[in-house]
Amino acid sequence: MTDNTEVVVIGGGYAGVMAANRLTRRADVSVTLINPRASFVERIRLHQLVGGSHDAVVGYDRVLAKGVRLVVDTVDRIDTAGRGVTLAGGDTVGYDYLVYAVGSGSADPGVPGAAEFAHPIATLEEAHRLRAVVAAAPASAPVTVVGAGPTGIETAAELAEAGRAVTLVCGGVLGPYLHPRGRRSIAGRLAGLGVTVLDGPGTKVTAVTRDAVRLADGRELPSAVTVWTAGFGVPDLAARSGLSTDAAGRLLTDETLTSVDDERVVAAGDSAAPSDLPYRMSCQSAVQLGPQAAETVLSRLAGEPPAPVSVGFAGQCISLGRRAGVFQFAQRDDTANRYRLGGRPGARLKEFICKTTVWQLSYEARKPGAHTWWATDGKRPLLLAAERDQAPASADRV
Ligand SMILES: Cc1cc2nc3c(=O)[nH]c(=O)nc-3n(C[C@H](O)[C@H](O)[C@H](O)COP(=O)(O)OP(=O)(O)OC[C@H]3O[C@@H](n4cnc5c(N)ncnc54)[C@H](O)[C@@H]3O)c2cc1C
């Protein structure tokens, strides 16, 4: 190893920024962060961008450590044999270690007409497009939000609060993650905002047209604006570059977040699949995985064995417009329990979480490595043991 170690981080989202900042702990490590935009996107506020209450971006000067070199470009390919990445702009950047943190975007809807006529909201550009489409639609035009996970619920509430006539099509149950008490609370607030909630198995969307949404039970809903929030998908960069991924395309790693193919590559955030048992795609796990991916690299540089990853969840916090919200508490293994905080306190807590998340990034930028304690999911060892007892994970690898 030469005196200086080059680490390239692909993706400047929650996981990538946390990883890049932590890596600056060592003066002999040069960190390059590659991201397609010159500003940090607060993805957890994209529904607010659509509703007009926040622009969902923060300057990297606020969240990135001074020592990190930011390259605004997109990685086109990873060459693990040559230890370099090729950028869409044509340049190549070499590395000693690589952090793969490309996050997620909209999943392929796989429903006729959805790709053409429905509007996703998973990226900054998609949210901007949707905002323009909503603004161009008449105030009374019917808006349909497809998908009743947190993103769908938050988007439906935000648009209803802005005076839109919103129908939320669940395609099953409202908020599958939620405890029945949390679900009742959210259903009540959505009703108060005037959102029509359609749930049950017959509400799976079978087709989207320019001005309607068709459901499995035969109903056809008029829809001037259709918003698609049913699931995230990950970029195919790892698979395209010949790295092993899980069936969804997340980079397959061991419990230290190290690629199963290459000790020089680690992964974090939505695009990582540790032990083929990925954590829930969330900002909550990304801010925990990012620094731990960096710690794995730092351990290797120090000649020490990297520690297994440790991630715990507190629950799910869902905004319901600007004046209400629900914090659905959960066990550390991410199972919702009966406790929740709703109403205006729920909204305040959600806003606090959004602000604290950005603060967490900037704290890591100023004091890399100060945070050393990780929440633990006590059930993960059992899941790993169960997985080991089953057929080899390689059968699922792409
Ligand atoms: C509307 C909405 C609300 C949400 N609310 C919550 C919430 O309340 N709580 C919660 O926990 N989660 C929430 N999420 C999910 C959360 O935003 C994501 O799980 C989180 O952003 C994942 O972080 P990440 O760092 O892995 O990826 P991202 O934040 O997606 O960042 C990845 C970065 O990598 C970049 N990138 C991708 N490909 C390349 C490439 N080839 N080269 C270079 N850069 C690349 C991307 O452009 C992006 O900047 C929400 C998501 C949405 C859309």
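FYI, the numbering just counts along the sequence from 1. Counting convention: from 1, in listed order, for ligands and their atoms alike.
- Counting heavy atoms from C-beta outward, Arg214 and Thr209 have side chains that approach closer than 4.5 Å.
- Under the side-chain contact (heavy atoms from CB on, under 4.5 Å) criterion, Leu384 pairs with Glu255, Ser275, Leu277, Arg380, Arg388, sequence neighbours left out.
- Counting only heavy atoms from C-beta outward, the side chains of Arg62 and Ser362 never approach each other to under 4.5 Å.
- Numbered from 1 in the order shown, with element, the atoms of ligand 1 that lie under 4.0 Å from a heavy atom of Gly269 read 26 (O).
- Remark: Ala127 engages Leu46, Leu49, Val50, Ile121 in a side-chain contact (heavy atoms from CB on, under 4.5 Å) (not counting sequence neighbours).
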Next on the checklist: One pair to check against side chain to side chain donor-acceptor pair (under 3.5 Å): Thr296 and Ser299. What are the steps and the verdict?
Outcome noted: CA-CA 5 Å; Thr296 287; Ser299 295; over 6 Å; no
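- Remark: among candidates Gly103, Ala88, Ser319, the nearest residue to atom 24 (P) of ligand 1 is Gly103, based on non-hydrogen atoms.
- A side-chain N or O of Tyr60 and one of Asn35 form a donor-acceptor pair less than 3.5 Å apart.
- Residue contacts with ligand 1, taken as heavy atom pairs separated by less than 4.0 Å, do not involve Ser271 at all.
- Contacts with ligand 1 closer than 4.0 Å are made by heavy atoms of both the backbone and the side chain of Val75.
- Considering only non-hydrogen protein atoms, atom 47 (O) of ligand 1 sits nearest to Arg37 NH1, 3.2 Å.
- With a 4.0 Å cut-off on non-hydrogen atoms, Ala101 touches ligand 1 through its backbone and not its side chain.
- Comparing heavy-atom distances from atom 17 (O) of ligand 1 across Arg43, Lys350, Gln284 singles out Arg43 as nearest.
- Across the listed options Ala286, Ala127, Ala56, Gly149, Ala286 owns the non-hydrogen atom lying nearest to atom 23 (O) of ligand 1.
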